[in-house]
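Throughout, numbering of the chain's residues begins at 1 and tracks the sequence. One-based numbering, in listed order, for ligands and for the atoms of each. Worth knowing before you read on, the calculation uses all heavy atoms, side chains too, and leaves out hydrogens, waters and symmetry mates.
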Amino acid sequence: MNILLIGSGGREHALALALSRSKELENLYAAPANPGILQVAKLAPISINDHNAIAEFCKDKHIDFVVIGPEQPLEAGLSDSLRSNGIVVFGPSKQAAMLETSKSFAKEFMVRHNIPTASFKRFTAIQQTQAIEYVHQHHLPVVIKADGLAAGKGVIVAETIFDAESAIKDILGGAFGSAGAEVVVEDFLKGEEASIFAICDGTNFLTLAPAQDHKRVFDGDKGKNTGGMGAFAPAAIVTDDVLKKVKERIITPTLSGMTEEGAPFIGCLFVGLMIDNGDPSVVEFNCRFGDPETQAVLSITDGDFADLFFSAALGLLHPGAITNIYNGYACNVVLASGGYPDTYKTGYPIAGISEAEETGVTVFHAGTKIESSTLVTNGGRVLGVCGKGETLSEAIKNAYNGVNFIKFTDEYHRTDIGHKSL
Ligand code: AMP
Ligand code: GLY
């Protein structure tokens with residue numbers, strides 16, 4: 001089987017590693033890729049914005065199917081372009097991806113299909129005054145969200161009216177570009193968060209081990225929201241009972257609702273949950289795997305991912321491709337560039353990856369590149385160091401043991417990934 005993987009982050013490095021272990025695999029190509037991905041895949045020299053070039057490449061290299069990692073190409077309609085060229089794709093259509101790319105769409109969809117989520121109101125730029133009046137009457141905290149894609153940074157949990165007002169003004173005033181054409185003002189949900197990935201073929205699904213992300217930049221869940229500073233799996237908060245409710249109340253009606261509305265969901269449905277007293281509600285949907293959760297989740301999943309994704313892409317999900325979703329515990333610690341999620345410098349040489357890997361961790365590349373034959377930092381989130389263990393505490397210990405070997409200027413990581421679940 002020949003596969004093309006689209007993306008260049010830590011999530012795609014984890015997907016590439018998982019796909020590379022398939023017995024069915026002949027050639028794995030990746031674009032734009034990163035130095036970690038290129039240890040197990042060949043570079044596809046194409047721009048991911050050039051849909052025709054990707055389709056040509058697929059025909060040329062006899063690609064059996066394409067796996068799309070990030071949300072931006074899904075929003076740009078890459079799946080649709082490839083499918084119209086007869087190419088099989090694991091990844092939702094532009095319309096199905098709206099579960100992530102438009103928070104307004106996702107919220108209205110959940111209301112239409114009785115899926116539990118926080119109450120909300122939507123406002124456009126000309127309704128800024130109404131939005132501000134609305135938060136003045138609202139109890140605190142209140143959650144303010146840019147409608148569109150904002151790399152995990154378009155959500156403000158406002159503890160004061162002042163913060164709520166400035167978030168509304170920032171978003172509607174253009175701080176997030178066109179992603180902020182609308183603002184969603186949402187009730188604050190209390191509880192504990194978890195993420196569940198469902199591999200979907202439009203109708204059927206298979207859930208992988210639940211995970212917990214750490215979105216805030218500093219220890220103790222302090223500071224700004226980021227794309228994610230670390231994750232572990234499985235998450236004990238998602239008991240069998242919670243998982244059953246998630247399947248019945250959330251995933252099943254989401255898949256049937258999307259099909260009814262003419263946009264069947266094929267790909268990975270990421271359900272961001274808030275769990276309060278054993279009852280799950282949806283904080284967000286994403287239309288792709290989570291980053292950095294995927295690195296942890298796939299590390300404890302045994303099976304043939306090429307078979308799984310291909311069968312889902314064909315609309316004939318083969319859950320038997322996966323033999324075990326609970327093979328121990330994994331903890332993935334993100335090593336970031338100091339200053340992230342705000343400004344940071346890049347281009348610093350990275351040392352110690354092979355020494356770290358000798359201890360048994362897997363080091364996932366996220367923001368790295370090769371410059372004059374040296375591996376250097378090239379993004380906010382640079383690496384993920386993933387440790388495994390029979391218990392969560394062993395996985396955490398192993399991950400941090402690996403982290404100690406890696407050095408680059410301005411390196412920053414949280415020291416408490418997984419601790420809240422111990
Ligand atoms: P989102 O991008 O929608 O997942 O939001 C990012 C983060 O903001 C979430 O992971 C939560 O920690 C927080 N958040 C979003 N919506 C809510 C909500 N309604 N209640 C409480 N926290 C929220
Ligand atoms: N880790 C959260 C996300 O991928 O959106």
Side-chain angles (χ1 to χ4, degrees), residues 7 9-12 14-15 69-72 74-75 97 99-107 110 115-121 135 138-159 163-164 167 171 176 179-180 183-197 210-217 221-233 235 237 268-276 280-298 332-334 336 341 364 366 380-381 384 414 417 420:
R11 160 187 50 212
E12 286 78 24
L15 290 169
E71 61 276 21
Q72 295 84 2
L74 294 166
E75 183 179 46
L99 281 177
E100 170 169 5
T101 61
S102 168
K103 293 199 190 283
S104 309
F105 171 84
K107 296 297 287 189
M110 287 187 266
I115 295 167
T117 191
S119 307
F120 70 101
K121 268 195 177 297
V135 295
H138 203 284
H139 46 91
L140 293 168
V142 61
V143 184
I144 316 289
K145 299 185 174 183
D147 178 59
L149 293 181
K153 294 161 207 155
V155 174
I156 296 92
V157 177
E159 307 275 351
D163 287 351
I171 292 171
F176 296 94
V183 70
V184 174
V185 180
E186 213 175 271
D187 284 0
F188 176 80
L189 295 168
K190 62 184 176 58
E192 199 171 338
E193 287 183 72
S195 322
I196 294 195
F197 303 153
Q212 277 185 295
D213 186 8
H214 296 61
K215 289 201 167 135
R216 303 296 189 102
V217 67
D221 292 333
K222 301 272 182 348
K224 286 195 177 174
N225 264 324
T226 67
M229 294 300 295
F232 67 90
I237 173 93
C268 176
L269 178 69
F270 168 133
V271 188
L273 296 167
M274 189 70 81
I275 301 159
D276 188 25
S281 49
V282 177
V283 173
E284 64 165 343
F285 282 126
N286 290 320
C287 62
R288 38 82 194 168
F289 280 96
D291 193 343
E293 296 98 317
T294 303
Q295 294 85 317
V297 171
L298 298 194
N332 180 42
V333 179
V334 169
F364 294 101
R381 294 189 292 176
R414 276 182 62 162
I417 302 302
K420 65 184 165 195

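- Considering backbone and side-chain N/O atoms, Glu293 comes within less than 3.5 Å of an N/O atom of ligand 2.
- The ligand atoms of ligand 2 that sit less than 4.0 angstrom from a heavy atom of Asn286 are 5 (O).
- Of the candidates Arg288, Glu100, Arg11, it is Arg288 that places a heavy atom closest to atom 4 (O) of ligand 2.
- Under 4.0 angstrom from ligand 1, there are no non-hydrogen atoms of Lys190.
- Which parts of ligand 1 touch Lys145 is read off a 4.0 Å heavy-atom cut-off, strictly below it: atoms 3 (O), 15 (C), 16 (N).
- The closest approach between Lys103 and ligand 1 falls below 4.0 Å for a heavy atom of the residue.
- The closest approach between Gly228 and ligand 2 stays at or above 4.0 Å for every heavy atom of the residue.
- For NZ of Lys224, the number of neighbouring non-hydrogen atoms (other residues, nucleotides, ligands) closer than 6.0 Å is 12 at most.
- Heavy-atom proximity to Gly227, at under 4.0 Å, picks out these atoms of ligand 2: 1 (N), 2 (C).
- In this structure, Thr117 contributes its side chain and Val282 its backbone to a donor-acceptor pair below 3.5 Å.
- How far CZ of Phe197 is from CG of Leu298: 8.0 Å, rounded to the nearest 0.5 Å.
- Around atom 5 (O) of ligand 1, the closest heavy atom drawn from Val157, Asn286, Val184, Val155 belongs to Val155.
- Partner of Met274 under the side-chain contact (heavy atoms from CB on, under 4.5 Å) criterion, out of Glu284, Glu193, Glu192: Glu193 alone.
- For atom 2 (C) of ligand 2, the nearest non-hydrogen atom of the protein is Asp213 OD2, 3.4 Å.
- Here the CZ-CD distance, from Phe232 to Gln295, works out to 15.0 Å after rounding to the nearest 0.5 Å.
- Each of Asp187, Val143, Val185, Val184 was compared with Phe120 under the side-chain contact (heavy atoms from CB on, under 4.5 Å) criterion, and only Val184 meets it.
- The side-chain heavy atoms of Thr226 and Arg381, taken from C-beta on, include no pair separated by under 4.5 Å.
- Remark: ligand 1 and Ala118 share no N or O pair separated by less than 3.5 Å (distance only, no angle test).
- Between Asp291 and ligand 2, a contact under 3.5 Å exists for at least one N or O pair.
- Ile156 is listed as a side-chain neighbour of Ile171, based on a closest heavy-atom distance under 4.5 Å.
- Shown in contact with Asp187 at under 4.0 Å from a heavy atom are these atoms of ligand 1, numbered in order with element: 18 (C), 19 (N), 20 (N).
- Residues Pro70 and Glu12 meet the side-chain proximity criterion, which asks for heavy atoms closer than 4.5 Å.
- Using a 4.0 Å cut-off between a side-chain N of Lys or Arg and a carboxylate O of Asp or Glu, Glu186 and Lys107 qualify as a salt bridge.
- Close approach of ligand 1 to Met274 is summarised as follows: ligand atoms under 4.0 Å from at least one heavy atom of the residue are 21 (C), 22 (N).
- At a heavy-atom cutoff of 4.0 Å, ligand 1 is contacted by no atom of Asp213, backbone or side chain.
- Under 4.0 angstrom from ligand 1, the non-hydrogen atoms of Leu189 come from both its backbone and its side chain.
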Exercise for review: Evaluate the side-chain contact (heavy atoms from CB on, under 4.5 Å) criterion for residues Ile144 and Val135: first the C-alpha distance (whole Å), next the side-chain angles of each, then the deciding distance (0.1 Å), finally the verdict.
Suggested key: CA-CA 9 Å; Ile144 316 289; Val135 295; 4.0 Å; yes

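- Heavy-atom proximity to Gly290, at under 4.0 Å, picks out these atoms of ligand 2: 4 (O).
- The ligand atoms of ligand 1 that sit less than 4.0 angstrom from a heavy atom of Val143 are 16 (N), 17 (C), 18 (C), 19 (N), 20 (N).
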